[in-house]
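Read through the structure below, which is laid out as structure tokens, and then see the notes.
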Protein chains: 2
Amino acid sequence: MSSTAGRTSATPPTLADVAELAGVSRQTVSNAVNNPDLLREDTLARVQEAIDELGYSPNRAARNLRTRASHLIGMRMNPAQEGTANATMDRFVHSLVETSREAGYHVLLFGGDHDDPLAGYDDLLRSTAVDAFVVTDTYLGNPQASWLGARRAPFVAFGRPWDHPDATHPWVDVDGAAGTDLATTHLLDRGHERIAWIGWRKDSRIGEDRRSGWSRTLRSRGLATTGLASRVEDTVASGREASAVLLDEAQPSAFVCASDTLAMGVLHTLAERGLAPGRDVAVVGFDDSQVAQVVPPGLTSVRQPLEDVAAEIVKALEGLLGHPPYVGPGVLLEPTLAVRGSS
Amino acid sequence: MSSTAGRTSATPPTLADVAELAGVSRQTVSNAVNNPDLLREDTLARVQEAIDELGYSPNRAARNLRTRASHLIGMRMNPAQEGTANATMDRFVHSLVETSREAGYHVLLFGGDHDDPLAGYDDLLRSTAVDAFVVTDTYLGNPQASWLGARRAPFVAFGRPWDHPDATHPWVDVDGAAGTDLATTHLLDRGHERIAWIGWRKDSRIGEDRRSGWSRTLRSRGLATTGLASRVEDTVASGREASAVLLDEAQPSAFVCASDTLAMGVLHTLAERGLAPGRDVAVVGFDDSQVAQVVPPGLTSVRQPLEDVAAEIVKALEGLLGHPPYVGPGVLLEPTLAVRGSS
DNA sequence: TTGAAAGCGCTAACAG
DNA sequence: CTGTTAGCGCTTTCAA
């Protein structure tokens with residue numbers, strides 16, 4: 001009576017409240033929640049009834065303290081880039097939130113200093129605020145992976161360990177070369193033979209990966225790539241300039257780009273010259289961003305299966321946090337091609 | 001010696017470890033962390049040294065349990081909408097993560113069932129997993145606000161309490177009518193007189209708000225609005241159809257749209273008819289999405305000051321969670337206009 | 001200014 | 001199958 005009364009809405013009910021109401025010990029309530037099989041049917045029903053009546057939900061902090069687990073996975077969010085079409089990570093976050101919920105995890109976002117890629121990880125780790133991390137920007141040759149590895153911090157990478165092929169952490173990635181292969185083959189099937197490439201600077205491993213799909217596909221058909229490629233910054237302006245130069249100097253009839261941002265640059269050039277995308281010159285982008293989906297006449301684009309990536313990452317996470325921990329081999333997923341009016 | 005040795009990397013150091021190393025009591029270490037002013041300078045320095053040496057960070061779960069606060073704010077993420085230009089919420093999440101970090105909070109994302117807008121809130125609330133919520137979709141006339149209010153759950157809304165003008169919860173919103181006013185005035189200044197509106201269906205309060213900015217501005221100049229407005233679904237296809245009909249029946253020289261998605265529909269129609277956006281027909285969108293930023297020749301768009309929204313929301317959150325709690329009046333922020341080639 | 005004791009709500013380990 | 005005991009790491013009394 002004393003404990004139940006008066007707390008109508010002030011403090012949430014505790015295990016003890018449920019135990020008292022159900023006439024059992026606290027431990028039995030705990031078991032009812034975590035190991036229902038251990039209880040006799042009628043006891044379980046009685047406890048369950050008390051739980052429902054009180055609207056009891058185990059206190060997270062107490063459980064976390066006791067079990068040394070938070071059921072939170074941390075993910076660092078890079079500052080949004082204005083003026084680009086890069087929303088891949090936002091799309092991924094959506095998928096990750098959905099998938100991890102099904103596995104009983106929540107996603108904790110933390111901010112990113114562009115200069116210090118390690119900022120934020122350290123504190124969350126030492127304060128045991130998260131059980132594991134999902135690391136997304138493995139491409140900058142940045143030290144996150146090895147740093148986290150050295151601290152024995154559980155993490156799964158979205159992205160191959162390009163610089164450390166012998167890395168032992170779990171990772172999931174999308175085969176960029178397969179994507180541009182898809183794009184290039186699609187254009188070849190449409191009758192194009194002079195297919196240009198606009199990609200990122202050479203120090204980007206992802207960029208070189210994507211580029212390789214284009215070049216190997218052309219070469220496998222006996223077509224030349226010389227003079228048909230350009231490596232620039234990932235901006236609309238760069239894509240615009242590069243495509244203008246390529247059109248003048250190499251007369252391609254189609255472009256494959258390392259990103260939708262660059263592809264939009266190509267569309268700018270075409271618009272300026274009165275050329276119609278898809279009819280006069282074909283363009284294929286990469287990432288299937290919202291931009292690709294809504295720009296007239298639709299931008300054909302390589303689509304990463306982010307839902308699947310999230311699913312694989314959560315699967316890897318569950319292995320990593322299991323008893324005993326299990327680390328499977330890296331997973332490489334195949335992208336698809338979203339064909340639209342530009343090709 | 002016994003406690004320090006052997007735990008090199010296994011378990012993170014605790015308050016007790018620091019206390020032992022510094023030769024003080026655990027309470028003194030706690031004070032060093034939370035109330036440094038209470039310590040003598042030399043003691044503080046000694047403790048701080050021990051903290052640094054051990055790499056100590058207070059255990060979150062223990063602190064949460066004791067203080068009944070998680071320093072987490074929950075935000076529900078709606079499923080991403082493919083085929084639209086709506087990334088406002090993603091942009092907002094970025095800002096919120098940044099801003100709340102400065103205030104000592106982390107953002108916990110949880111998934112959204114489209115059918116049940118309450119899903120997820122209940123459990124996080126009862127398990128005291130988050131200190132407060134940020135609620136973003138107040139416009140559907142959905143029950144979140146009143147539901148949360150009834151449970152005395154602290155929350156701040158991004159969006160006015162349209163249906164409950166006497167609501168007592170803190171909110172922050174952007175003045176949509178002011179945005180379309182800005183857009184319409186901009187077009188009037190450019191010499192346009194027949195300015196059409198493409199907006200959402202009448203049951204959208206936000207849509208009606210944005211529409212009102214357009215209509216009141218035209219009327220204040222003595223210009224008619226009759227036959228110049230259309231209310232449709234928020235899709236590219238709807239925008240395309242609506243603009244085609246309006247062009248045929250009302251010959252507007254400019255369009256103001258309730259979203260970038262609809263504006264892209266207008267661009268589709270213009271492209272089909274060989275009309276150049278900006279030169280032949282002006283178009284203004286709403287949200288300043290990435291699409292607006294990169295599409296040729298650039299889509300003029302109303303931009304919501306999401307960074308400021310996030311800042312105001314965090315400020316309101318701090319008030320709400322303060323002792324005693326403080327609830328200020330609602331905050332209405334002014335949008336700006338990003339002028340580009342389409343106008 | 002510093003220290004000792006108590007307890008937040010939960011679960012692991014054992015005893016009955 | 002159920003209950004008792006102990007303690008996770010921290011902060012809030014209260015004493016010294």
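Only heavy atoms go into these numbers, but all of them, side chains included; no hydrogens, no water, no symmetry mates. Sequence lines set the chain letters: A, B, ... in the order given, protein chains first and strands last, and positions in each chain run from 1.
- Note on B:Asn31: every side-chain N or O is 4.0 Å or more away from OP1 and OP2 of C:dT2.
- Rounding to the nearest 0.5 angstrom, the gap separating the CE atom in B:Met77 from the CE atom in B:Met89 is 10.0 Å.
- Of the residues in residues 61-73 of chain B, those with a non-hydrogen atom less than 4.0 angstrom from any atom of DNA chain C are B:Leu65, B:Arg66, B:Arg68.
- Relative ring orientation between B:Tyr121 and B:Phe110 is described as perpendicular, the plane-to-plane angle rising above 60° on a 0-90° scale split at 30° and 60°.
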Tabulate atom names and distances for all N/O pairs under 3.5 angstrom spanning the protein and nucleotides 13-16 of chain D.
none

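- Put simply, the side chain of B:Arg46 gets close to the backbone of B:Ala22: a donor and an acceptor are under 3.5 Å apart.
- A salt bridge links A:Glu312 with A:Lys315; the closest basic N to acidic carboxylate O contact falls under 4.0 Å.
- Summarising the geometry, the separation between CZ on A:Arg26 and C1' on D:dG3 is reported as 11 Å, rounded to the nearest angstrom.
- No option in A:Asn64, A:Leu124, A:Leu65 other than A:Asn64 meets the side chain to side chain contact (heavy atoms under 4.5 Å, CB included) test with A:Ser70.
- In this structure, A:Asn34 reaches the C:dT11 phosphate: one of its side-chain N or O atoms is under 4.0 Å from OP1 or OP2.
- Residue A:Leu15 contributes atom CG, which lies 15 Å from atom C1' of D:dA6 at whole-angstrom precision.
- Atom CG of residue A:Leu108 and atom NE2 of residue A:His71 lie 14.5 Å apart, to the nearest 0.5 angstrom.
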Salt bridge (charged side-chain N to carboxylate O under 4.0 Å, His left out) between A:Arg60 and B:Asp123, worked out: CA-CA 10 Å; A:Arg60 282 291 226 278; B:Asp123 182 54; 3.5 Å; yes
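- B:Asn59 contributes a side-chain N or O that, together with a main-chain N or O of B:Ala61, makes up a donor-acceptor pair within less than 3.5 Å.
- In terms of modelled atom types and a separation under 3.5 Å, the side chain of B:Arg151 and the main chain of B:Ser146 share no donor-acceptor contact.
- The shortest distance between the side-chain N/O atoms of A:Thr28 and the OP1/OP2 oxygens of D:dG3 is below 4.0 Å.
- Summarising the geometry, the separation between CZ on B:Arg60 and C1' on C:dC8 is reported as 18 Å, rounded to the nearest angstrom.
- Around the CD atom of A:Glu102, the shell of radius 6.0 Å holds more than 12 heavy atoms that belong to other residues, nucleotides or ligands.
- Between D:dG3 and A:Ser25, a contact under 4.0 Å exists linking OP1 or OP2 to a side-chain N or O.
- Taking every heavy atom of residues 38-49 of chain B and every atom of DNA chain C, pairs under 4.0 Å involve B:Leu38, B:Leu39, B:Arg40, B:Thr43, by number.
- Contact check, A:Ser30 against C:dT11: a side-chain N or O comes under 4.0 Å of OP1 or OP2.
- A distance-only check finds a donor-acceptor pair linking the side chain of A:Asp17 to the backbone of A:Thr14 [under 3.5 Å].
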